[in-house]
Each structure stands twice: as C-alpha cells, then as structure tokens.
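The block underneath contains the structure these notes are about, expressed in structure tokens.
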Amino acid sequence: MDQDYERRLLRQINHQNVPEGHPSKASIKRSFRPCSPVTVKSGDRFIPTRAGSNWSINFHYANENCWLPNQNQRAKDASTDTGKDAVAYAALLRNELLGAGIETVPDPHTDDRRNTILTQDTHSLFRYTIHTKRVPFDNEISPYSLSPLSNKSHKLLRSPRKPARKISKIPFKVLDAPELQDDFYLNLVDWSAGNLLSVGLGACVYLWSACTSQVTRLCDLSVDGDSVTSVCWNERGSLVAVGTHKGFVQIWDAAGGRKLTSLEGHSARVGALAWNGEQLSSGSRDRVILQRDVRTPPPVERRLQGHRQEVCGLKWSPDHQHLASGGNDNKLLVWNSSSLLPVQQYSDHLAAVKAIAWSPHQHGLLASGGGTADRCLRFWNTLTGQALQSTDTGSQVCNLAWSKHANELVSTHGYSQNQILVWKYPSLTQVAKLTGHSYRVLYLAVSPDGEAIVTGAGDETLRFWNVFSKTRCTKESKSVLNLFTRIRPSDRERPQHFLHSHFFT
C-alpha cells in the first residue's frame, strides 16, 4: 500500500472517531503532517518476557501463602507418609523447573526453608526486563539414559528416606496411685537418677523401682497429723526431699530408708522443691522461698521474697546460676545465687505459673506455662530479658519438661482437654498429642535416660509414655565461644531399662 494513501486513510479515520470541538482534534491533525513518515508496529497483544524472573523466590512465596494459615496442621500432615511424598515431589519440581539442585528430601519440621529467602533478592513476582542471567540447569545426564530427569533429581529419588517417627498413643505401663491428690499447686511425683520413682500419696511417700518393679514405703506422716505436698530428688539420686502440709521440709536417705533432718521455717504448706547441688530451695503458700544448705545447721538460710501469693513452681538452671520461680500471682521471677531480690520479672501470664523448664540445649532459654485463664506457653531469653515466642495451647498448662537429646519439650494440661503434648522448638509444631487421663494431668517426671515420661492425675493413675527419641536430631556447635550450647552433659543421662511392675497398694 502506498504510504501517502495510508496516512490519508488513518487521518480520515481519526477525524471520524474524535467528536467535534474536542481539544485534541487539532493536535491530531498536527501529529499526522506529511513531513515525517509514521512507522506502525503490528501485533494484537503484548506478551511480557519473564526470562529474568527469579522463579525460586516466586515458588517460595507460593509455599509461604499456603503455609501460614494452617502451619501446625501442615507440619502434622508432613510427618505422615503422604506428606513426605508431597515434600519429595515438591523438591523434584524445584529441581526440574528451577534448577535448585536438591539432592536430599528436606525435613518439613525445620525452619531452614524460611531462612533461604533471606539470602536471595526479593522483588516483584514477575519482571518485564532482563537484567540478570539465568542459572544453567544441571543437565549432565548419561547419553544412554531414557529418563527425562536430571542427575540431581536422580540423587534426590535415591536418597535414603528418614524413617517416620512413631510415638505410641497409649501408655506402655499404668500404675494405680490411690489418694493421689487433685491439687494444681502440689508436686507429688519425681524420678531419680537411680531409676527410682517417688510418689506422695496422702500422708505417705512410696518408692517404685523401674528396674525391679518393687514398691517400698519410705515414710508415713500420719503419725504427726501431716500430709505430703511435694517430693524432689537430688541430682545424685541418693536423697529425697519431702515437703509437708504443715510447712516442714524433711530430708530422707532413700537407700537406708531413714530421715536425716527436718527443716523448719515455713508457716504454710511447701508445694515446690528444687535442688542445686547440696542446696535445697523450697517454695510455700506463705509466699517465701527458703534456700538452705543441707550440710549446715538449720538456722542458716536465705529468704527470697518477691511473690505476693503462693509459690507453686521452682527450677534451677542447668548451669546452677539462676533460680526460676512461678507463683499464683501470675509472676515468673528469676533469681541469681547471690541477690535477695529477683534480677528479672515477667508478668505476661494471666494465670498461675506452675510449669517452668530450663532448656538444656540453649543457655538462658526458659519456658513457662500459665493456668486456666492463660493457657499459653511462653519462652524467654534470660540473658537479655526478652520474650521470644508464645503459643496458646487451648487448656491449662500444668507441667513442662525438655528432652535431653533433642530440641523438643513435653507439656501436660488440665482444663479442659487433659492432654499431653509434645512440641518441637523453635517451630512450636505439635509432634504428638496423647490422651488417656480423665482428670487434669498435674504431675510429670522424665526418666533418667531421657526417653520416657510418667504422668499423674487426679484419676489416681500413673501412666508411662515413650515420647522422646535418644537419637540427637539437632547438631550442636562444639565451640566454647557459643553461649547457646551445653558444655557439660548431665550426669543423670544414663540408659536404663524398664520391667513390668505391680500396682501401688
């Protein structure tokens, strides 16, 4: 077509489309003057180029949008065989479509996938200009292979699958515990390093041997008109401290079955005990914490006053430097070994704080749980005094205990679900949920080998569960400069074996 004729035709069409009196009509006439030729690009649509888009980031964003609403449910599904197949399939797609080069199936419970995005460029999902070079895919495959997959994908499919962790939903042992009190503020069950379980039943303390299944009665306080409110073993497993309703603290020799001493000082029941070497800390309803050395005469003591209501939880840190105390005043206090005033105070809980546990894997990490009005697990960095994480468990938190071999912890609960939950830290995903008690699970103790736990409730039963694995699932740094590692292993980590037992009578 002749160019002059084409310009006239376009000018006529534009004149017909623009209404009379429109301000742009004159400008249209000027724009189609015959002095300069016009080049018209053909094409009916615009197709953007996405060659420079970082599809690895886009893939990550798609996964993040699916993960956030139902994080716990997705983590729970990932522990099943179907979930692991889905993780492997997603890794295979990343290899073939994005050239990710994944050779092993990632663990769905870890948070490494969240950290990978931090080292990459973060911009919009799609780009319309090319300013980066695409990473070439690894297509070094055998010339005789008929598989369309790359070498990385073949290694991914041949990588060994991590066996699924199985936690039994039923206890492997159940013991009768008549007169086990249904009182949130008491601590009546403890497990020693010598594999002896001490249980306070009414006015008596019984010892059950996990090796021989023999039951012996250590003491009977009924002759004094008293009852047991707390029991606690020392680290060596040779002495057991017994707190009473009248405010006494008795020290008993478990092997000899004799009382060594009786400590006074409290004016109300002693519901919490904690050993720190040869020193014993006791918390009472009189709101006072007494710290005494059992080797010295009874008058020598330290009085720690910071709670306004009953002290119901006491735990010493693994380095023996700090004492954490919880009270019915909803306060969590941290004390050092020299000051008479708390060095830290946390007031975020909305109910009584009985559940307290120091992490054996990260120095200064403290976990706590609140009562019925709070229902939350909270984690604190006592080195800086900052709150780290929290999660609503849905029911009263009665006890907490960390695994000795993995970065996991178990919590027992009361109103209203009476369940036992195993958590993975720091993702706070639920590894297992155990049910069986018909009353609040008020008591918890961990076996000396760190694999089993025993729980007690107001239904007057003790139930034994295998919840922790002895295989260490986290890699710990060996550097002495790393403050968040345990330098010395606990002397209580010795493997033991359980036998069938009789019931308490």
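Residue numbers run from 1 in the order of the sequence given.
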* To do: For A351 and A373, work out which heavy atoms get closest and say how close.
  => CB-N, 3.8 Å
* Asked: When rounded to the nearest 0.5 angstrom, what distance separates OG in S325 from CD1 in I356?
  -> 6.5 Å
* To do: Say whether, by atom type as modelled, one donor and one acceptor occur between the side chain of D190 and the main chain of W233 under 3.5 angstrom.
  => yes
* To do: Using atom types as modelled and distance alone, determine if a side-chain donor or acceptor of H245 lies under 3.5 Å from a backbone N or O of A203.
  => no
* To do: State the CG-CH2 distance between L239 and W275, to the nearest 0.5 angstrom.
  => 5.0 Å
* So, for L290 and R303, which heavy atoms are closest and what is the spacing to 0.1 Å? -> CD2-CG, 3.4 Å
* Can you name the nearest heavy-atom pair linking S368 to V353, along with the distance? -> CB-CG1, 4.2 Å
* Determine, step by step, whether L221 and Q250 satisfy the side-chain contact (heavy atoms from CB on, under 4.5 Å) criterion, reporting the C-alpha distance in whole Å, the side-chain angles of both residues, the deciding distance to 0.1 Å, and the verdict. => CA-CA 11 Å; L221 306 182; Q250 300 180 1; 3.6 Å; yes
* Between D329 and K331, is the closest basic N to carboxylate O distance under 4.0 Å? -> no
* **Considering all heavy atoms, the nearest A193-P448 contact** => O-CB, 4.0 Å
* Asked: Shortest non-hydrogen contact from G283 to L314?
  -> N-CD1, 3.4 Å
* Asked: So with a 6.0 Å cut-off around CZ of R287, is the heavy-atom count from everything else above 12?
  -> no
* Structure fact -> Interatomic distance, CH2@W252 vs OG1@T261, rounded to 0.5 Å, equals 11.5 Å
* Determine yes or no for a side-chain-to-main-chain donor-acceptor pair under 3.5 angstrom, with T229 supplying the side chain and G243 the backbone. => yes
* Compare all side-chain heavy atoms of K354 with those of N399 and state whether any distance is below 4.5 angstrom. => yes
* How would you list, by chain and number, every residue that makes a ring pair (Phe, Tyr, Trp, His ring centres under 6.0 Å) with W402, sequence neighbours excluded? -> Y425
* Taking the side chain from S267 and the backbone from D286, do they hold a donor-acceptor pair closer than 3.5 Å? -> no
* **Check: S339 main-chain N/O paired with N336 side-chain donor or acceptor under 3.5 Å** => yes
* Should F248 and V270 count as side-chain neighbours, where that means a heavy-atom distance under 4.5 Å? -> no
* To do: Indicate yes or no: at least one non-hydrogen side-chain atom of W208 is less than 4.5 angstrom from one of S213.
  => yes
* Asked: Does W335 reach the side chain of P342, with side-chain heavy atoms less than 4.5 Å apart?
  -> yes
* Asked: If you draw a 6.0 Å radius around NE2 in H266, do more than 12 non-hydrogen atoms from other residues or ligands fall strictly inside?
  -> yes
* To do: For the residue pair N330 and H349, confirm or rule out a side-chain donor-acceptor distance under 3.5 Å.
  => no
* Structure fact -> Nearest heavy-atom contact between W191 and N195 is NE1-OD1, 3.0 Å
* Ignoring hydrogens and angles, tell me if any N or O in the side chain of N418 forms a donor-acceptor pair with the backbone of T435 under 3.5 Å. => no
* To do: To the nearest 0.5 Å, tell me how far L188 CG sits from L201 CG.
  => 8.0 Å
* Asked: Does P426 offer a backbone N or O that forms a donor-acceptor pair with the side chain of Q389 under 3.5 Å?
  -> yes
* Would you mind reporting whether I453 and L444 have side-chain heavy atoms less than 4.5 Å apart? => yes
* Judged by atom type as modelled, is there a donor-acceptor pair below 3.5 Å linking the side chain of D224 to the main-chain atoms of D226? -> no
* Side chains of D459 and H437: do they bring a donor and an acceptor to under 3.5 Å? -> yes
* To do: Could you walk me through whether Q419 and T393 pass the side-chain contact (heavy atoms from CB on, under 4.5 Å) test, one step at a time?
  => CA-CA 10 Å; Q419 79 272 34; T393 64; 5.6 Å; no
* To do: Supply the atom-to-atom distance D348 CG to C376 SG, rounded to the nearest 0.5 angstrom.
  => 9.5 Å
* Give a yes or no on whether the backbone of L333 and the side-chain of Q345 come within a donor-acceptor separation of less than 3.5 Å. => no
* Would you check if F184 and R440 make a side-chain contact, meaning some heavy-atom pair closer than 4.5 Å? => yes
* To do: Applying side-chain contact (heavy atoms from CB on, under 4.5 Å), run through I420 and R463 and close with a yes or a no.
  => CA-CA 11 Å; I420 303 166; R463 299 174 184 265; over 6 Å; no
* **Steps toward side-chain contact (heavy atoms from CB on, under 4.5 Å) verdict (F464, L175)** => CA-CA 9 Å; F464 295 78; L175 299 179; 3.5 Å; yes
* Asked: In chain order, what residues pass the side chain to side chain donor-acceptor pair (under 3.5 Å) check against R375, with sequence neighbours excluded?
  -> D392
* Side chain proximity check, V294 to L260, heavy atoms < 4.5 angstrom -> no
* Asked: Does E264 CD have over 12 foreign heavy atoms under 6.0 Å away?
  -> no
* Please examine the side chains of L340 and L304, heavy atoms only from C-beta on, and report whether any two atoms are closer than 4.5 Å. => yes
* To do: Calculate, to the nearest 0.5 Å, the distance between atoms CG and OG belonging to N276 and S337 respectively.
  => 8.0 Å
* To do: Keeping the roles fixed (side chain from K433, backbone from K169), state whether a donor-acceptor pair exists under 3.5 Å.
  => no
